[in-house]
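Just so it is clear, the structure is predicted and the values come from calculations on it, not from any experiment.
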Amino acid sequence: MDNKRIKIVYMSFSGNVRSFTHRLQEYATQQHHLNNENPLIDLLEISEETLPTESDSKFFVLLPTYMIGGSRFTPTLTEILTTPMHDYLESYDNVKRCGGIIGSGNLTLGKMYVITAKTYAKEYGLPLLAAFESRGTTRDIERIYKILTDKANENSLM
């Protein structure tokens, strides 16, 4: 079936998540050319300027870890929730079409690694499907593509 597609809705502040999603999309295109049963990936970037719209299909969310704090005067890091993504998920019941969350973060944050994705998963009752560090590696791209493909097939998200 040539029309299999996986939709990823994402936010990127430093460009790491944007880089990862575009490389994941390129990998999906390569896999699709090898076998048209392999799904393509569509991307939707959410930002402060994004007006929430109704999702026309099921999707997965990919989020960075966004923290403030950690100076010598305030050593505590505080996770900042990404309001535009909340708005997107909560508008038009879009959250009901979300198949799960993927997080990006920095392992040096210890317990706070991918805390934004973990918080979203818990708050919305969605599975945390995968995590990767920084811009991700080629192995992360292959691993996450497989996870998304399996999850999409399992839940008829394509």
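You'll find the side chain of Val17 stays beyond 4.5 Å of the side chain of Leu63, heavy atoms only. Side-chain contact between Val61 and Tyr124: absent, with no pair of heavy atoms (C-beta onward) separated by less than 4.5 Å. Here the side chains of Arg23 and Phe20 are in contact, with some heavy-atom distance below 4.5 Å. At least one side-chain heavy atom of Glu54 sits under 4.5 Å from a side-chain heavy atom of Arg97. Looking at Lys4 and Leu40, their side chains never come closer than 4.5 Å, going by heavy atoms from C-beta outward. Using a 4.5 Å heavy-atom cutoff, the side chains of His33 and Thr29 are in contact. Using a 4.5 Å cut-off on side-chain heavy atoms (C-beta onward), Asn94 and Val9 make no contact. In this structure, Ile102 and Tyr10 have side chains that are not in contact, with every pair of non-hydrogen atoms separated by 4.5 Å or more.
Remark: Asn16 CG to Thr21 OG1 distance equals 10.5 Å, nearest 0.5 Å. With values rounded to the nearest 0.5 angstrom, Thr83 atom OG1 is found 12.5 Å from Ile46 atom CD1. Atom CZ of Arg135 and atom OG of Ser12 lie 8.0 Å apart (nearest 0.5 Å). Ser57 OG to Arg5 CZ: the interatomic distance, rounded to the nearest 0.5 Å, is 10.0 Å. Atoms CE and OH, on Met85 and Tyr88 in that order, are 8.5 Å from each other to the nearest 0.5 Å. The CD atom of Glu48 lies 7.0 Å from the CZ atom of Phe13; values are rounded to the nearest 0.5 Å.
Summarising the geometry of Lys118 relative to Lys111, their closest heavy-atom pair is NZ-O, 4.0 Å, with the distance given to 0.1 Å. Thr65 and Gly105 get closest at one heavy-atom pair: OG1-CA, 3.6 Å. Shown here for Gly100 and Leu126, the closest heavy-atom pair between the two residues is CA-CB, 4.4 Å. When every heavy atom of Arg143 is checked against every heavy atom of Ala131, the shortest pair comes out as NH2-O, 2.8 Å. Nearest heavy atom pair, residue Ala28 against residue Pro39, reads CB-O, 3.7 Å. Across Gly99 and Pro127, no two heavy atoms sit closer than the pair O-CG, 3.6 Å.
Under a hydrophobic-cluster definition in which Ile, Leu, Val, Met, Phe, Trp and Tyr are linked whenever side-chain heavy atoms come within less than 4.5 Å, directly or via other members, Met11 and Leu89 are assigned to the same cluster. Hydrophobic clustering of Ile, Leu, Val, Met, Phe, Trp and Tyr side chains at less than 4.5 Å, counting indirect connections, keeps Phe60 apart from Val114. Following chains of ILVMFWY side-chain contacts shorter than 4.5 Å, one can reach Phe59 starting from Tyr120, so the two form part of one hydrophobic cluster. With hydrophobic clusters built from ILVMFWY side chains whose heavy atoms lie under 4.5 angstrom apart, Ile147 does not share a cluster with Tyr113.
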Pair Lys151-Glu154, salt bridge (charged side-chain N to carboxylate O under 4.0 Å, His left out): steps then yes or no: CA-CA 5 Å; Lys151 188 73 172 169; Glu154 166 189 316; 3.6 Å; yes
Check against side chain to side chain contact (heavy atoms under 4.5 Å, CB included), Ile8 and Ile41: CA-CA 7 Å; Ile8 297 175; Ile41 289 181; 3.8 Å; yes
Intermediate values then yes/no, side chain to side chain contact (heavy atoms under 4.5 Å, CB included), Asp87 and Thr50: CA-CA 9 Å; Asp87 293 344; Thr50 304; over 6 Å; no
Residue pair Asn106, Glu133: steps toward the side chain to side chain contact (heavy atoms under 4.5 Å, CB included) verdict: CA-CA 5 Å; Asn106 188 325; Glu133 188 173 20; 3.4 Å; yes
Phe132/Ile141 under side chain to side chain contact (heavy atoms under 4.5 Å, CB included): CA gap, chis, key distance, verdict: CA-CA 9 Å; Phe132 63 93; Ile141 288 170; over 6 Å; no
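For the residue pair Thr137 / Asp140, a side-chain donor-acceptor distance below 3.5 Å is found, with atom types taken as modelled.
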